[in-house]
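Each remark here refers to the structure printed beneath this line.
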Amino acid sequence: MALSRIWSAFIIVAIVVAGIKCFFFGQSDIFNWMVIGKADDAANPLKLDGIIQTCWVSVELCLKLIGILALFMGLMSIAEKAGGIRLLSRIVGPFFSKLFPDIPKGHPSMGHMIMNFSANLLGLDNAATPFGLKAMESLQELNPNKDTASNAQIMFLCLHAAGLSLIPVSVIAIRASQNASNPTDVFIPCLIVTFVGTMAAMLIVSFKQKINLLQPVVIGWILGLSAIIASLVLYIRSLDATGIQSFSGLLSNGLILFIFFVIVLGALYKKIDVFDAFIDGAKDGFKTAINIIPYLVGMLVAISLLRTSGTFDVVINGIKNIFVYLGTDTRFVEGLPTALIRPLSGGAARGMMVSTMETYGADSFASRLSGIFQGASDTTFYVVAVYFGSVQIKNTRYAIGSMLLADLVGVCTAIGICYLFFG
């Protein structure tokens, strides 16, 4: 129900704002560009895709997902039949059993979730999505109300959307392409913000579900993860921009190949029919990609309307005027567009970050803050549409509210950290 109201609000607000611009400010062509506009059309003053083009983009995105989903779900099928997922579940079981008390001990969903979190941690978006969708499918098997999100699904999705990531490679690469004097200077702020956002998501959902986090196992895992992150920070601080990108590529891509190697080797040892197991999983990947098309089209069209109507500009100008009136520093406001659009569209947020760098300079406060926003969270509404849509969840309960609250914590932390690091 919450998603339905939010989606309706997006459309109504966008059309009202566009109507005001059309009938009171003389922008008579705004409706035209909102419907049939193309971002690459030189005559389009908005430089954004309208809803027709957005529908095509949504379907193309799902079609591109088919191959990735087929590959990784095929490998997951091999790992399941060989017992690898059960082994992973036993390893993380002591910690996850506290966060997910409704999941039976040794259930495969534990392994699927840890694979998703690991992929996110290393910035492997292409791998994280199939693992996450498989986790949602496993959790749906335990869900007594198939159209309503379970506690476990909400906890998983909120932690996933918090986007804990070690190295924001894409942000560093973009900053380098924009000739930043030190492209990697946002690395530590991004890492801190993603960690704080993840902890916030865990606390918010745990409070809502009455989960006690003050347990030795939970505290031990959190302290252990903190130590690993701190060690990585100390090592990466000794590297230059080229070294960081090289290390990241070796760590992330090398891990993908290592996972492939271990899964296939383990399956051969267990005498599994490897290729048949892969095909069975790949078929599920194809079905999943097709199932999410309606949800993705609906969400991206609503987001397109918000963007093309200029609603974001209205919000940003309103926020800036408030802080100008209060007499406070307003440098952070120039970076806010990335934070506001990040929960809606990763690609749009990336474009907003680049635009901020081109407008204010790659070494400006606003550009650094924009980079931290981009590297510090996931696309909340995209995640909701794809993940809940893949298992036909209609009632998301408090999931969206929890995600947005965690996003807000991340935004506030990012602003504070940016002032602390860059003045």
Side-chain angles (χ1 to χ4, degrees), residues 68-122 124 126-146 148-160 205 209 211 217 221 255-256 258-289 291-292 383 386-393:
I68 299 296
L69 290 174
L71 171 63
F72 283 97
M73 286 194 170
L75 287 167
M76 292 287 280
S77 176
I78 297 172
E80 279 188 276
K81 293 182 178 180
I85 298 299
R86 287 192 297 274
L87 176 62
L88 197 57
S89 298
R90 287 198 294 270
I91 294 173
V92 300
F95 174 57
F96 271 28
S97 63
K98 306 301 180 184
L99 292 183
F100 302 91
D102 298 333
I103 299 179
K105 184 178 180 181
H107 192 269
S109 60
M110 294 285 193
H112 297 151
M113 286 189 288
I114 196 61
M115 293 288 280
N116 170 263
F117 293 143
S118 299
N120 260 341
L121 201 64
L122 297 169
L124 308 177
N126 288 339
T129 299
F131 293 148
L133 292 173
K134 189 64 177 178
M136 285 295 284
E137 182 182 312
S138 298
L139 293 172
Q140 185 70 347
E141 294 173 1
L142 301 171
N143 187 1
N145 300 314
K146 299 302 182 184
T148 301
S150 66
N151 285 351
Q153 287 173 321
I154 293 174
M155 174 65 84
F156 164 65
L157 214 55
C158 287
L159 292 176
H160 169 81
V205 180
Q209 297 181 2
I211 296 173
V217 172
W221 272 80
L255 184 63
I256 287 181
F258 176 73
I259 290 172
F260 285 14
F261 179 78
V262 170
I263 288 176
V264 173
L265 196 65
L268 291 174
Y269 175 76
K270 291 285 188 175
K271 298 181 179 179
I272 302 297
D273 191 333
V274 180
F275 191 68
D276 280 353
F278 174 82
I279 295 301
D280 288 341
K283 289 178 181 178
D284 290 336
F286 177 83
K287 293 175 184 176
T288 299
N291 286 339
I292 65 177
V383 166
V386 170
Y387 283 74
F388 280 136
S390 69
V391 289
Q392 282 78 55
I393 292 290

task = With side chain to side chain contact (heavy atoms under 4.5 Å, CB included) as the test, would you mind laying out the steps for Leu133 and Met73 before giving the verdict?
result = CA-CA 9 Å; Leu133 292 173; Met73 286 194 170; 3.6 Å; yes
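- One finds a salt bridge joining Asp280 and Lys81 here, because a Lys/Arg side-chain nitrogen approaches an Asp/Glu carboxylate oxygen to under 4.0 Å.
- Residues satisfying the side chain to side chain contact (heavy atoms under 4.5 Å, CB included) test with Lys270, not counting sequence neighbours, are Ala82, Ile272.
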request  = Kindly determine whether His107 and Ser138 satisfy side chain to side chain contact (heavy atoms under 4.5 Å, CB included), including the steps that lead there.
outcome  = CA-CA 9 Å; His107 192 269; Ser138 298; 4.2 Å; yes
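- With values rounded to the nearest 0.5 angstrom, Met155 atom CE is found 10.0 Å from Ile103 atom CD1.
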task = Decide yes or no on side chain to side chain contact (heavy atoms under 4.5 Å, CB included) for Tyr387 and Gln153, but give the supporting numbers first.
result = CA-CA 10 Å; Tyr387 283 74; Gln153 287 173 321; over 6 Å; no
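- Using a 4.5 Å heavy-atom cutoff, the side chains of His112 and Phe131 are not in contact.
- Among residue pairs with one or both ends in residues 78-102, those qualifying as ring-ring contact (aromatic ring centres under 6.0 Å, His included) are Phe95-Trp221, Phe96-Phe100, Phe96-Phe117; sequence neighbours excluded.
- For Phe260, the side chain to side chain contact (heavy atoms under 4.5 Å, CB included) test picks out Leu71, Phe72, Leu75, Ile256, with sequence neighbours left out.
- For the pair Ser109 and Ala135, the tightest heavy-atom approach, listed with the atom from each and the gap, is CB-O, 4.5 Å.
- Residue Lys105 places its NZ atom among 12 or fewer non-hydrogen atoms of other residues, nucleotides or ligands, all under 6.0 Å distant.
- Rounded to the nearest 0.5 angstrom, Ser77 OG and Ile279 CD1 are separated by 10.0 Å.
- Here the CD-CG distance, from Gln140 to Asn145, works out to 9.5 Å after rounding to the nearest 0.5 Å.
- Annotation: side chain of Leu99 is not in contact with side chain of Phe156 (no heavy-atom distance under 4.5 Å).
- Ion pairing of Glu80 with Lys134 is present here, as a side-chain N (NZ or NE/NH1/NH2) and a carboxylate O approach within less than 4.0 Å.
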